[in-house]
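Mind having a look at this structure? Questions to follow.
Note that the coordinates shown come from a computational prediction; the quantities given were computed from them, not determined experimentally. Nothing fancy with the numbering, it's 1 onward along the sequence.
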Amino acid sequence: MNSKNSVVYQIYVKSFCDSNGDGIGDLNGIRSKLPYLKSLGVDYIWVTPFYPSPMFDNGYDVADYCAVNPLFGTMADCEAMIDEANRLGIGFMFDMVFNHTSWDHEWFRKALTGDPEYMDYYIFRDGVNGGPPLDWTSSFGTPAWEYVPALDKWYLHLFDKSQPDLNWENPKVREGLKNVIRFWKGKGVKGFRFDVFNLISKPEHLEQCGSGRGINYCKDGPRIHEFIRELVTDTGIDGMVTVGEMSSTTLENCIRYSNPANRELSMCFNFHHLKVDYKNGDKWTLMEPDWNALGQLFREWQEEMSKQGGWSAAFWCNHDQPRIVSRFGDEGAYWKQSAKMLGTFIHLLRGTPYIYQGEEIGMTNAHFTSIEQYNDVESVNYYKILLERGVSAADALEVLRQRSRDNARTPMQWNAQRNAGFTDGAPWLEVPDNYRSINVETEESDPDSILNYYRELVRLRKELPVIADGEIRFLQTGDKRVFAYERALGRQRLTVVCNFSGDERNASFADAPGAESGTVLLANGPKDQIERLQNGVLKLRPYEAFAILRE
Ligand code: TEU
Ligand code: CA
């Protein structure tokens with residue numbers, strides 16, 4: 001597997017940098033920003049899908065896995081981007097959307113003609129009593145089965161109806177997808193991210209499943225480990241960096257996916273920690289974060305992964321999540337402190353940290369005020385669903401302001417000029433109005449900026465083996481909004497303390513004996529923590545974060 005001191009940067013291509021003024025980010029735009037990414041110190045770039053697509057789900061509906069969408073550039077642009085990054089020592093990780101294709105993919109087009117060979121690439125079933133085979137909903141709120149009158153059959157789509165699910169039981173599907181990996185590997189790509197990967201193995205007796213959200217029946221299915229191992233070993237990518245998006249997986253499965261002995265993946269994303277503010281598990285009902293649950297989840301997953309040889313992807317943000325500073329931090333009075341605190345917590349964990357574009361400068365949620373400003377299929381669908389549930393338009397908009405995926409997808413804020421320097425044209429999604437103060441150029445010139453703090457976090461992981469390789473143990477702090485952990489390697493100890501609140505809080509050091517004999521390695525404010533410690537208790541500043549190192 002890749003080395004444990006690596007850091008990954010995620011680019012949402014549509015919103016990163018537009019090189020030709022059409023308002024849409026593109027591959028040449030990415031290439032032009034490689035020196036910036038080099039200066040951040042990242043090792044890999046995960047770039048979201050840029051393949052031909054009708055864009056119902058912004059490219060996660062792939063019509064051709066081995067080509068470039070003209071919206072984003074050409075194959076020559078793509079090759080130049082890969083080669084340039086490789087020269088700089090940065091590897092690309094491409095996004096493999098293998099649970100489903102677009103309905104424009106040639107396999108599905110052939111299936112729709114009734115060709116039995118290609119119908120078996122997908123999951124077609126007969127209806128029941130004139131309705132779908134099962135009463136399932138998709139992840140985007142719509143029914144999960146779509147009727148095809150010409151075939152008198154229904155097909156499964158766990159996401160949008162333009163994203164029919166593939167039938168992984170069919171060896172031809174698996175072979176076809178292996179060829180996609182081989183193709184990009186041949187172009188010099190250094191790793192892969194696999195979209196909703198733990199949904200690919202469907203239940204053995206699909207027809208007998210109950211009703212509800214389809215994905216709940218499909219996660220970590222019966223042949224999942226076999227399918228992953230086969231794909232990885234047959235394409236020879238088991239030495240490369242690979243990450244599976246494993247929404248709602250179990251800890252036990254996560255360890256199996258990522259323990260090198262199983263030859264499956266380098267690591268997994270899971271989202272349990274990003275559901276602690278979902279009321280009764282519903283993303284669309286607002287709730288304050290359950291801090292106890294958040295602390296407990298990190299403790300359990302980090303410690304067990306460490307003990308049982310698993311490896312985590314450590315992250316707060318991606319293109320599907322609201323901005324973390326707006327969510328678990330404070331984008332107002334404590335914008336800078338809280339963004340740095342959240343970065344500290346993730347980057348000093350055991351696992352590979354991911355930085356989502358704009359996180360490193362403390363980008364916030366979009367602050368949209370009208371439904372017309374939203375683009376995302378999920379947001380648009382759920383706005384309607386919320387109104388149907390009787391939620392007022394104002395309340396529904398408030399839910400979107402906090403939960404919409406578009407919060408993450410606003411253009412990258414490069415400078416204080418028009419459109420934040422993202423494009424010379426009209427951006428496909430509006431730029432938040434705070435770009436005049438929150439942008440790369442401004443933060444480059446401020447030694448105390450969030451950007452420069454992230455640079456330090458990345459550098460420390462490379463300098464200190466205790467960060468990259470150490471064991472982890474969570475500490476009792478006596479406060480549910482103060483999270484602390486200790487990393488250990490040989491005789492070295494790194495104690496990390498983070499105040500996840502905008503109040504002064506007391507942190508007990510009883511669980512970290514000897515910490516006061518170390519030195520403060522890093523802090524998001526003055527490095528005076530050891531002097532302030534009294535009788536093993538430290539009064540923390542709002543959103544304070546620091547790390548103490550000792551031999
Ligand atoms: O995401 C899957 C996923 O779990 C989330 O999109 C989830 O549906 C959403 O956050 C629920 O609120 C992956 C991609 O990251 C996403 O962009 C795609 O839309 C989705 O798969 C389908 O390919
Ligand atoms: Ca463009």
Can you list every pair that meets salt bridge (Lys or Arg N to Asp or Glu O under 4.0 Å) and has a residue in residues 280-293, with sequence neighbours left out?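 Checked against salt bridge (Lys or Arg N to Asp or Glu O under 4.0 Å) - neighbours excluded - the pairs reaching residues 280-293 are Asp282-Arg389, Lys283-Glu378.
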Has the side chain of Arg409 got a donor or acceptor atom that lies under 3.5 Å from a matching backbone atom of Leu429?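 Side chain of Arg409 to backbone of Leu429, a donor-acceptor pair under 3.5 Å: no, none is there.
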Find the distance between OG1 (Thr495) and CD1 (Ile548) and round it off to the nearest 0.5 Å.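 If I round to the nearest 0.5 Å, the distance is 6.0 Å.
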Classify the ring geometry of Tyr217 against Trp136: parallel below 30°, tilted from 30° to 60°, perpendicular beyond 60°.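 Because their plane-to-plane angle is under 30°, the rings of Tyr217 and Trp136 count as parallel.
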For a quick check under 3.5 Å, do Asn499 and Ser501 share a side-chain donor-acceptor pair by atom type?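 Asn499 vs Ser501: donor-acceptor pair found between side chains.
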Rounded to the nearest 0.5 Å, what separates atom CG in Asn198 from atom CE in Met246?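 That separation rounds to 5.5 Å.
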Checking Asn5 side chain against Ala468 main chain: does a donor-acceptor pair fall under 3.5 Å?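 No, the answer is negative, given that no donor and acceptor are paired below the 3.5 Å cut-off.
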Checking Ser404 side chain against Ser379 main chain: does a donor-acceptor pair fall under 3.5 Å?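 A pair under 3.5 Å: no.
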Looking at Lys4 and Asp469, is any side-chain nitrogen of the basic one under 4.0 Å from a carboxylate oxygen of the acidic one?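 Not counted as a salt bridge, because no side-chain N and carboxylate O are separated by less than 4.0 Å.
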Any chance the rings of Trp284 and Tyr383 have centres within less than 6.0 Å?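 No, too far apart.
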If only side-chain N and O atoms count, and only distance matters, is there a donor-acceptor pair under 3.5 Å linking Gln402 with Glu398?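 Side-chain D/A pair, Glu398 to Gln402: present.
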CG/Asp220 to OG1/Thr249 distance, rounded to the nearest 0.5 angstrom?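 Going from CG on Asp220 over to OG1 on Thr249, the span is 3.5 Å.
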Whether the side chain of Tyr485 engages the backbone of Phe345 through a donor-acceptor N/O pair (distance < 3.5 Å, no angle test) should be reported.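 Yes.
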Which atom of Tyr257 lies closest to which atom of Cys268, heavy atoms considered: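 Of all heavy-atom pairs spanning Tyr257 and Cys268, the closest is CB-SG, 3.4 Å.
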Any side-chain donor paired with an acceptor under 3.5 Å for His319 and Tyr60?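 The criterion, which ignores hydrogens and geometry beyond distance, is satisfied for Tyr60 and His319.
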Can you measure from CG (Asn318) to CD (Gln357) and round to the nearest 0.5 angstrom?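 Here the rounded value is 11.0 Å.
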State whether the side chain of Asp503 and the backbone N or O of Arg505 hold a donor-acceptor pair below 3.5 Å, judged by distance alone.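 Such a contact is absent between Asp503 side chain and Arg505 backbone.
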N/O donor-acceptor pair under 3.5 Å between Gln163 side chain and Asp160 backbone: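 Such a contact is found between Gln163 side chain and Asp160 backbone.
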Asn365 vs Thr410, test: side chain to side chain contact (heavy atoms under 4.5 Å, CB included). Steps then yes/no. CA-CA 8 Å; Asn365 279 349; Thr410 58; over 6 Å; no
Solution key, residues 533-546 side-chain donor-acceptor pairs under 3.5 Å, sequence neighbours excluded:
unit_1, atom_1, unit_2, atom_2, d
Arg541, NH1, Asp528, OD1, 3.4
Arg541, NH2, Asp528, OD1, 3.3
Arg541, NH2, Asp528, OD2, 2.6
Glu544, OE1, Arg532, NH2, 2.9
Glu544, OE1, Arg541, N, 2.7
Glu544, OE2, Gln529, NE2, 2.7
Glu544, OE2, Arg532, NH1, 3.0

Under 3.5 Å donor-acceptor, Ser15 side chain and Gly25 backbone: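 No, Ser15 side chain to Gly25 backbone: no donor-acceptor pair under 3.5 Å.
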Which is it for Ile355 and Gln10 under the side chain to side chain contact (heavy atoms under 4.5 Å, CB included) test, yes or no, and what are the steps along the way? CA-CA 6 Å; Ile355 303 171; Gln10 184 196 347; over 6 Å; no
Arg550 side-chain N/O to Gly514 backbone N/O, donor-acceptor pair under 3.5 Å: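 Side chain of Arg550 to backbone of Gly514: a pair is present.
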Considering non-hydrogen atoms only, spot the tightest contact between Ser258 and Met305 and give its length.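 Reported closest heavy-atom pair: OG-CE, 3.6 Å.
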Salt-bridge criterion met for Asp448 and Lys340 (N-O under 4.0 Å):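 Salt bridge between Asp448 and Lys340, a charged N being under 4.0 Å from a carboxylate O: yes.
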Would you say the side-chain atoms of Glu252 and Thr250 include a donor-acceptor pair closer than 3.5 Å?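 No, Thr250 and Glu252 have no side-chain donor paired with an acceptor closer than 3.5 Å.
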Quiz item: cation-pi between Lys33 and Trp414, 6.0 Å / 45°: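 Checked: cation-pi criterion met.
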Side-chain donor-acceptor distances from residues 450-457 under 3.5 Å, at least two apart:
unit_1, atom_1, unit_2, atom_2, d
Asn452, OD1, Arg455, NH1, 2.8
Asn452, ND2, Glu443, O, 3.3
Asn452, ND2, Asp446, O, 2.9
Asn452, ND2, Ser449, OG, 3.3
Tyr453, OH, Thr344, OG1, 2.7
Tyr454, OH, Glu359, OE2, 3.0
Arg455, NE, Ser39, O, 3.0
Arg455, NH1, Glu444, OE1, 3.2
Arg455, NH2, Ser39, OG, 2.8
Arg455, NH2, Glu444, OE1, 3.3
Arg455, NH2, Glu444, OE2, 3.1

Short question: side chain of His273, backbone of Phe315 - any donor-acceptor pair under 3.5 Å?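 The answer is yes, because a donor-acceptor pair under 3.5 Å joins these two groups.
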Check for a donor-acceptor pair, side chain of Asn407 on one end and backbone N or O of Ala366 on the other, with a separation under 3.5 Å.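 Checked: pair present.
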Applying the side chain to side chain contact (heavy atoms under 4.5 Å, CB included) test to Val243, which of Phe269, Phe197, Trp46, Trp311 qualifies?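 Only one option passes, and that is Phe269.
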Charged N to carboxylate O under 4.0 angstrom, Arg193 versus Glu245?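 Result for this pair is yes, salt bridge flagged.
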When you compare the side chains of Ser248 and Lys275, does any donor N or O come within less than 3.5 Å of an acceptor on the partner?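 Present: a donor and an acceptor within the cut-off.
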Would you please classify the geometry between the Phe474 ring and the Phe298 ring as parallel, tilted or perpendicular, with 30° and 60° separating the classes?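 Rings of Phe298 and Phe474: parallel, as their planes differ by under 30°.
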